[in-house]
**Student:** 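Below is one structure. I have some questions about it.
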Amino acid sequence: MASNRWEWFHRWGSPKWYYQKSSVWTPWLAVLSVVLLGTGLVWGLAFAPEDVKQGNSYRIIFLHVPAAFLALAGYYIMAIAGAIGLIWRMKLSFIAMRAAAPLGALLTFISLFTGAVWGKPTWGTYWVWDARITSMLILFFLYLGVIVLTDAFVRKDSGDKAGAILALVGTVNIPIIYKSVDWWNSLHQPATIKLTSAPSMDASMWYPLLLCILGMYAFYFFLLLRSIRTRVVEQDKSKAWVKEIL
Amino acid sequence: MAIKLQLNNLSCFYDDIQLFKPVDLTLRKGEICRVMGPNGAGKTTLLRSVGGLFRGYNGKVMLSDEASRIHYLGHRAGIRDELTCIENLQFLTQYSLTRTSIDSALERVGLIGYEQAFPDELSAGQRRRLLLATLFCMQFDILLLDEPFTALDVDGVALIAAQLKNIAEQGCIVLYSTHHADAVLTPNKTVMLEVSQ
Amino acid sequence: MYFDSFAEFINMGGHGPYVWAAYGVTFVSFVIYLAAQRRARKEVERKIRNRIRRELNR
Amino acid sequence: MTIWHYFLRDLKLYFRNASELTTPLIFFLIAIAMFPLGVSPESALLRPISFGLVWVVALFCMQFSLDTLYRDDFSSGALEQLVQHEVPLAVIAISRTLVYWVCFGVPIAIMAPVLGLMLAMESSGFGVLSLTLLVGTMGMASIGAIGSALTVSLKKGSVVMTLIVLPMFVPFLIFGSGAVNAAITGANVSPPLTALVGITVLALSICPPAIAASIKMSVENG
């Protein structure tokens, strides 16, 4: 029978290491995200020129696109964390997966909400069953599924495994869901509405957007690392290193 | 090679809560061992860990021969009320048996005439006997039994005890959990689980 | 600055309510998330401190 | 052959549990009958949405019948035994999914045109409706079986099951009802139908390892 020495190693070894390292990283990430997001958003809100077709409402893009980016990337981060946890039985990885789920759901919500309020002045309606919007909505449900499933288990080990399996099945599903909704959408509504309104974006709009995307990445990882820190402490509540910290 | 089962410093966890103090145990061919301990000490979990059904443990479970057939039979035993006695036995023995060997197993536990009966038509004790019948049919080197004596009458207890002895004499290792020291079966070893903390 | 006056900046050519709603809700949800995170952290710390105290008293 | 034994066992279990078999199908019928009562009995109103309704209700029906796929085997400890059997768990999982499909998917596909008729559906779509449900239920059964295996050890598993399984049914719904729509409007049926078959094959291929891992997790959870 296999020895569980590795599990032992991970269970006791890495959380402390992570906690120490992340206390160095998180302040830097915080500074980075404030600088990038701050500059990008102020630039985008106040200095970038108006869009010819959409007017000023396009300024929502500086939040909407970064949030949507990370909502999607966050799912893969969560699934990969889950896969690493399943394969190498790394506690820390499962903790990252658990932390990524609500954060991803939050970003999905933000991208849905900002999309809806952007849609009103642009298309005249808050909600259309557009391919992207619909698949974002389903992504939101997938996130909720992972959160609810992991929390449903009293035993954390089981919740970790279940969540990871579900997240992995979901990764196969996301492109399929997107493709199917895209196809369905083109069947129902001939391309009257295109979310990607500007194929060639002006540099004056593109630069702040890029800053915002980078800033949102930094902010995402800042929030994720912080959330993991709390969970790590909770996980190791009876360990000596946690007692030393407090 | 003689079969040997060795538990090295084995302790099971419910998340981070240790269920019992680490256990060391070596069992050789033909030995019967009893696992005892208070409720919630993790008797079932220990057996399941040895059987490979539970992985939340520290320490080692070692077999001298990797090819040893190890089988865990839980308290609930896997008997489905929708299947007849025969069908249940066929399922539990992985459909490896002929009808005649199943019949003879049923005969030995005193369930002749109940072949086509459904388990909910049997009494609790008879259901346990049905489970016992699987022990007559199965092929294994290490047998893990979770509370085999529960809900059995005196005859039943004696029958199971005799069969466990018989299995051990054939060169198997038997590890079972129980609540009370039964006079009918004297095991070679006893593991007392102590609740940790 | 692209806008001529602060009022215009707020108004955003009539699209002000939408833009500010989007930014506002995003900001508020991040603040709520951060607050929840902070509360969770405090709660965990409080529990662990109580635990340590219990163990010391024993 | 051993696999055949498992297949037969599962089939027996369903047929001896007659209520478990028929209740979802009766639900299918009743739920469809609610729509004319709740929306409108006008066939002009029902006709365009008829096949969509049949598909959506079939999907819910699948969802809640899949919930019990492993429940009794889990509570009786039979799942624990299955894990220890020499036949790979993935193979047993496929057999179980197939049995489920024979017991639910096929009857649903047969019932569907009749229910479509009740909703004043165009008769030109009946064949495709049956066909898409026949294929789609197979794919949904494999996805749903993962959800069922994941939640079987939970006390309130069915609520969780709904949440995790329904979003993944979306592509089946889209391509399935899309194909029926194409058949009725005279468009080319083969693209959505091919897509439906494709995702069903994909679902069938990812489900065995996922179900096996989920069952092991559930057994371990106890």
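Throughout, protein chains are lettered first and strands after them, A, B, ... in sequence-line order, and every chain is numbered starting at 1. Bear in mind that the values here come from a model prediction, so they are computed numbers and not experimental data.
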**Student:** Hey, does the side chain of D/S130 reach the backbone of D/A109 with a donor-acceptor pair shorter than 3.5 angstrom?
**Tutor:**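 Between the backbone of D/A109 and the side chain of D/S130 there is a qualifying donor-acceptor contact (under 3.5 Å).
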**Student:** Do you see a donor-acceptor pair shorter than 3.5 Å between the side chains of A/S158 and D/E220?
**Tutor:**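 Side-chain D/A pair, A/S158 to D/E220: absent.
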**Student:** Count the heavy atoms belonging to other residues, nucleotides or ligands that lie under 6.0 Å from CZ of A/F69, then report whether that count exceeds 12.
**Tutor:**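 No, not enclosed.
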**Student:** Checking heavy atoms, do the side chain of D/L166, its backbone, both or neither come under 4.5 Å from chain A?
**Tutor:**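 Interface part for D/L166: neither.
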**Student:** Between the side chains of D/R71 and D/S75, does any donor sit under 3.5 Å from an acceptor?
**Tutor:**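 No, because no side-chain N or O of D/R71 sits under 3.5 Å from a partner of the opposite role on D/S75.
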**Student:** Let's test your reading of the structure: which of A/G145, A/G170, A/S180, A/A152 forms the most heavy-atom pairs below 4.5 Å with chain D?
**Tutor:**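 Of the candidates given, the most pairs with chain D belong to A/S180.
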**Student:** Hey, can you tell me if A/W129 and A/W127 have their rings parallel, tilted or perpendicular (30° and 60° cut-offs)?
**Tutor:**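 Judged by the thresholds at 30° and 60°, the geometry between A/W129 and A/W127 is perpendicular.
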**Student:** Could you tell me which portion of D/I174 (side chain, backbone, both or neither) has an atom closer than 4.5 angstrom to a non-hydrogen atom of chain A?
**Tutor:**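 Both backbone and side chain.
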**Student:** Sorted by first residue and then second, give each salt bridge (Lys or Arg N to Asp or Glu O under 4.0 Å) pair with at least one member in residues 88-97 of chain D; sequence neighbours left out.
**Tutor:**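 The answer is D/D10-D/R96, D/D73-D/R96.
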**Student:** At a heavy-atom distance under 4.5 Å, which candidate from A/L166, A/L142, A/T134 has the highest pair count against chain D?
**Tutor:**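 Between A/L166, A/L142, A/T134, the count favours A/L166.
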**Student:** Relative to chain A, which segment of D/L173 carries a heavy atom at a distance below 4.5 Å: side chain, backbone, both, or neither?
**Tutor:**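 For D/L173, no heavy atom lies under 4.5 Å from chain A.
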**Student:** Do you see a donor-acceptor pair shorter than 3.5 Å between the side chains of A/R229 and A/S22?
**Tutor:**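 The answer is yes; a qualifying pair exists.
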**Student:** For the candidates D/M217, D/M161, D/K155, which exhibits the highest count of non-hydrogen atom pairs separated by less than 4.5 Å from chain A?
**Tutor:**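 That would be D/M217.
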**Student:** For D/P192, which atoms come within 4.5 Å of any heavy atom of chain A: side chain, backbone, both, or neither?
**Tutor:**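 For D/P192, heavy atoms of backbone and side chain both lie under 4.5 Å from chain A.
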**Student:** Pull out the residues in residues 102-111 of chain A that come under 4.5 Å of chain D, heavy atom to heavy atom, sorted by number.
**Tutor:**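 Within residues 102-111 of chain A, near chain D: nothing under 4.5 Å.
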**Student:** For this output row, return yes or no: ring centroids of D/F60 and D/F27 closer than 6.0 angstrom.
**Tutor:**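 They do not qualify: ring centres at least 6.0 Å apart.
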**Student:** Checking side-chain contact (heavy atoms from CB on, under 4.5 Å) against A/T114, which of A/I61, A/I60, A/V65 comes through?
**Tutor:**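 Of A/I61, A/I60, A/V65, side-chain contact (heavy atoms from CB on, under 4.5 Å) with A/T114 is met by A/I60 alone.
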**Student:** Does some side-chain heavy atom of D/S65 sit less than 4.5 Å from a side-chain heavy atom of D/Y100?
**Tutor:**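 Counting from C-beta outward, D/Y100 and D/S65 do come under 4.5 Å.
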**Student:** Heavy-atom distances under 4.5 Å only: say whether A/I165 touches chain D with side chain, backbone, both or neither.
**Tutor:**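 Answer is side chain: those atoms of A/I165 sit under 4.5 Å from chain D.
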**Student:** Give, as side chain, backbone, both or neither, the part of D/T162 having an atom under 4.5 angstrom from any heavy atom of chain A.
**Tutor:**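 Contact with chain A involves no heavy atom of D/T162 at all.
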**Student:** Which answer fits D/A210, side chain, backbone, both or neither, if we ask what part of it has an atom under 4.5 Å from a heavy atom of chain A?
**Tutor:**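 Both backbone and side chain.
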**Student:** Is the shortest side-chain N to carboxylate O distance from A/D160 to A/R155 below 4.0 Å?
**Tutor:**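 No, this pair does not count.
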**Student:** Does any heavy atom of chain A fall under 4.5 Å from the side chain of D/L154, the backbone, both, or neither of them?
**Tutor:**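 For D/L154, the side chain is the part near chain A, not the backbone.
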